[in-house]
2 protein chains.
Amino acid sequence: MDFIPIYTKFIETEVSKLQLPNSPKLLYEPIRYFLNIGGKRIRPMMTLLGAELFDLQKENVVNAALAIELLHNFSLVHDDIMDNAPLRRGHQTVHEKWNSTIAILSGDAIIIKAYQLLQKQDGDLRALLQSFNKAAIEICEGQQLDMDFEEREDTTIEEYITMIRLKTSVLIGCSLELAAIIANCNEEDRKNSYDFGVNIGLSFQIQDDILDLYGDPEKFGKQIGGDIIANKKTMLYLLAKKNASKEQLIKLNKINLETNSTKKIDLAKKLFNELDVKRLAEEEATNYYLKALYNLNKINVLDKNKTKLKTISNYLLNRNK
Amino acid sequence: MDFIPIYTKFIETEVSKLQLPNSPKLLYEPIRYFLNIGGKRIRPMMTLLGAELFDLQKENVVNAALAIELLHNFSLVHDDIMDNAPLRRGHQTVHEKWNSTIAILSGDAIIIKAYQLLQKQDGDLRALLQSFNKAAIEICEGQQLDMDFEEREDTTIEEYITMIRLKTSVLIGCSLELAAIIANCNEEDRKNSYDFGVNIGLSFQIQDDILDLYGDPEKFGKQIGGDIIANKKTMLYLLAKKNASKEQLIKLNKINLETNSTKKIDLAKKLFNELDVKRLAEEEATNYYLKALYNLNKINVLDKNKTKLKTISNYLLNRNK
């Protein structure tokens with residue numbers, strides 16, 4: 001666990017070294033703001049750790065790692081507009097601090113900056129670009145599915161998994177795949193690197209759903225119960241729906257219509273507790289975590305090269321923020 | 001001139017052959033809609049004609065040409081949200097036909113698709129990506145400057161030229177530069193290709209400013225006088241301001257405050273006519289056109305290879321839509 005702050009620090013330093021122009025101020029100031037309000041930096045860390053699997057150094061993959069972090073931040077800035085989210089990482093979102101126009105345009109500039117970083121990365125650029133593009137377009141597809149689900153009442157757990165795979169997990173897969181491409185490893189190791197990331201991503205997102213309601217408001221950095229307020233079909237919600245009696249289903253539908261946010265969150269929590277959905281969701285998260293470990297075990301490198309990825313996987317499963 | 005419809009048709013066909021998925025419907029349907037409502041396809045045509053300079057065929061640069069067209073369309077979809085524009089190419093804009101959320105996300109997917117096309121383009125991918133990224137980020141900078149100018153009263157003609165160079169012209173420069181990179185020509189020819197495009201772009205944008213007020217509403221496809229209504233500091237406006245007497249300046253400031261759109265457009269047109277700004281703006285457009293021809297002449301290829309680019313440059317200068 002001790003290595004995590006070292007890697008986070010490395011990424012923070014590299015992010016702060018990104019040479020963004022000062023002008024136009026309203027384009028670059030929001031980018032500087034958003035990139036520097038922190039975040040867990042999980043994705044670029046996965047690229048750095050993915051590189052170490054194959055005996056590469058952080059410095060060999062730093063541009064790819066930053067490209068991944070910027071792609072992630074691009075999607076957050078735009079998603080926050082679409083979701084009308086006031087807070088991110090405990091700070092005002094870009095569209096709240098400035099406005100939607102500024103958030104659209106500075107988000108656009110962030111993804112282009114991501115491609116500028118990728119262009120500077122040593123390695124098979126065509127393969128890197130292909131992997132990166134695939135993840136980027138899938139993130140958009142995932143975001144659209146997520147919004148579609150808000151309008152639907154019949155979303156299944158399977159469809160939900162497809163959605164979070166696209167919206168969240170493929171980027172973590174890509175984080176590791178870029179490192180594998182740069183390391184020029186064989187197809188099988190590349191695929192296992194990617195799949196490890198995707199499964200960690202699924203586990204991570206289910207954990208995120210749990211934390212949205214059960215997290216510590218001081219540590220979580222987002223509005224607690226935000227998913228409930230927005231009627232999001234999260235893993236908690238879908239498990240509740242799947243396991244609910246007829247009476248409980250009626251209650252759940254009533255909760256969706258509740259307009260008082262505090263009351264809505266309390267009612268949802270009460271029903272979810274009755275149905276034990278927190279534990280059921282934790283089981284789902286653990287299942288994907290175990291699949292990820294299976295992928296990691298199959299990668300043909302020394303066990304000692306896998307230690308940090310194992311540690312971080314465990315940390316992500318048991319995190320409280 | 002006869003060749004133009006052939007090239008447009010080629011591009012239309014290639015655009016229609018883009019294999020976009022059907023699902024998620026609300027992500028891909030707006031993209032399909034927007035890419036198929038036409039447009040002049042000037043930028044991809046420049047890539048095709050730029051390739052012919054160096055004896056390449058359309059087919060050799062088609063992915064780059066499409067990437068350019070998609071980058072352009074991405075910026076239009078997002079700019080239309082920011083500018084609150086109801087019409088584009090005579091059709092509803094994406095945010096009008098659907099909503100802003102859909103327009104943000106489908107715009108995002110369009111730029112990623114652009115990078116997917118670029119990734120498929122034969123040639124020095126690192127050089128292609130660098131040129132493309134530079135144009136893309138400059139387009140964002142230009143859009144921000146354009147919006148900044150709306151809040152300012154002291155914009156100079158020089159600053160305006162910087163803004164349209166970024167917002168419009170660099171992409172036309174890039175259209176030709178990508179072809180030059182694919183043709184693997186020398187640095188000097190590559191630079192002249194780029195500069196030719198940038199100067200054509202400046203001439204084109206000034207012409208666009210003129211058409212915004214003096215164009216034929218049937219042919220123009222956008223709202224006539226839209227720039228006046230939005231208090232845009234266009235070449236017409238800046239020339240008027242530069243040449244206005246004290247009395248005329250007072251009139252101009254009053255026009256900015258006028259809330260009745262029809263009256264506002266009429267008053268502006270009357271003042272602009274008094275100051276002969278249409279002719280002055282046409283002179284500016286012609287100057288950049290001549291600079292472009294100078295760049296084209298310096299490219300070290302046979303004169304016959306330049307004929308089509310000369311024809312299209314002349315056509316763009318004298319267009320009425």
Side-chain angles (χ1 to χ4, degrees), chain A residues 21 23-28 31 71 74-75 77-79 81-84 99-122 124-148 151 163 166, chain B residues 21 23-28 31 71 74-75 77-79 81-84 99-122 124-148 151 163 166:
Chain A
S23 168
K25 197 178 160 198
L26 286 174
L27 180 62
Y28 289 112
I31 299 176
L71 177 59
F74 145 80
S75 75
V77 170
H78 280 187
D79 285 4
I81 311 171
M82 300 180 220
D83 299 343
N84 209 7
N99 57 52
S100 292
T101 293
I102 298 283
I104 293 170
L105 195 62
S106 54
D108 290 346
I110 296 175
I111 190 174
I112 298 163
K113 285 278 160 198
Y115 281 103
Q116 285 189 319
L117 287 158
L118 198 65
Q119 172 233 314
K120 289 186 199 156
Q121 174 63 56
D122 287 340
D124 179 349
L125 186 59
R126 216 169 277 275
L128 292 170
L129 191 54
Q130 186 185 27
S131 169
F132 195 80
N133 283 333
K134 180 166 176 283
I137 198 77
E138 287 179 345
I139 290 168
C140 295
E141 292 178 353
Q143 171 66 2
Q144 185 57 55
L145 288 181
D146 196 13
M147 294 189 298
D148 289 347
E151 311 294 318
M163 184 277 283
L166 295 168
Chain B
S23 168
K25 198 179 160 196
L26 285 174
L27 179 63
Y28 289 112
I31 299 177
L71 177 58
F74 145 78
S75 76
V77 170
H78 280 187
D79 285 5
I81 312 172
M82 300 181 218
D83 299 344
N84 210 5
N99 57 51
S100 292
T101 293
I102 298 282
I104 293 171
L105 195 62
S106 54
D108 291 346
I110 295 174
I111 190 174
I112 297 163
K113 284 279 161 195
Y115 281 103
Q116 285 189 318
L117 287 158
L118 198 65
Q119 171 233 314
K120 288 187 202 158
Q121 176 62 57
D122 287 341
D124 179 349
L125 185 61
R126 216 169 277 275
L128 291 170
L129 191 54
Q130 186 185 26
S131 170
F132 194 82
N133 282 334
K134 182 167 174 283
I137 198 78
E138 287 179 345
I139 291 168
C140 295
E141 292 178 351
Q143 170 67 2
Q144 185 58 53
L145 289 181
D146 195 14
M147 293 188 299
D148 289 346
E151 310 294 317
M163 183 276 284
L166 295 168

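The structure presented is a predicted model; accordingly, all values stated were derived computationally and were not measured. Protein chains get the first letters and strands the later ones, always in sequence-line order, with residue 1 at the start of each.
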To the nearest 0.5 Å, what is the distance between CD1 on B:Ile111 and CD1 on A:Ile111? 6.0 Å
Would you indicate whether B:Asp122, at its atom CG, is surrounded by more than 12 heavy atoms from other residues, nucleotides or ligands within a distance under 6.0 Å? no
Side chain, backbone, both or neither of B:Ile81 within contact of chain A (heavy atoms, under 4.5 Å): side chain
Please flag which part of B:Gln121 lies under 4.5 Å from any non-hydrogen atom of chain A: side chain, backbone, both or neither. backbone
Who passes salt bridge (Lys or Arg N to Asp or Glu O under 4.0 Å) against B:Glu138, sequence neighbours left out? B:Lys134
Side chain, backbone, both or neither of B:Phe132 within contact of chain A (heavy atoms, under 4.5 Å): neither
Quick check: closest heavy atoms across A:Glu141 and B:Pro21, and the distance to 0.1 Å? OE2-CG, 4.2 Å
Interatomic distance, A:Met147 atom CE to B:Ile102 atom CD1 [nearest 0.5 angstrom]: 5.5 Å
Heavy-atom closest contact (A:Asp108 atom, B:Cys140 atom, distance): CB-SG, 4.0 Å
Approximate separation, where rounding is to 0.5 Å, of A:Leu27 CG and B:Ile137 CD1: 6.5 Å
Spacing of OG belonging to B:Ser106 relative to CD belonging to A:Gln144, to within rounding of 0.5 Å: 8.5 Å
Name the residue from B:Gln143, B:Met82, B:His78 that meets the side chain to side chain contact (heavy atoms under 4.5 Å, CB included) definition with A:Thr101. B:Met82
Pairs under 3.5 angstrom only: tabulate donor-acceptor contacts from the side chains of residues 112-120 of chain B to other protein residues two or more places apart or in another chain.
unit_1	atom_1	unit_2	atom_2	d
B:Lys113	NZ	B:Gln116	OE1	3.1
B:Tyr115	OH	B:Asn133	OD1	2.6

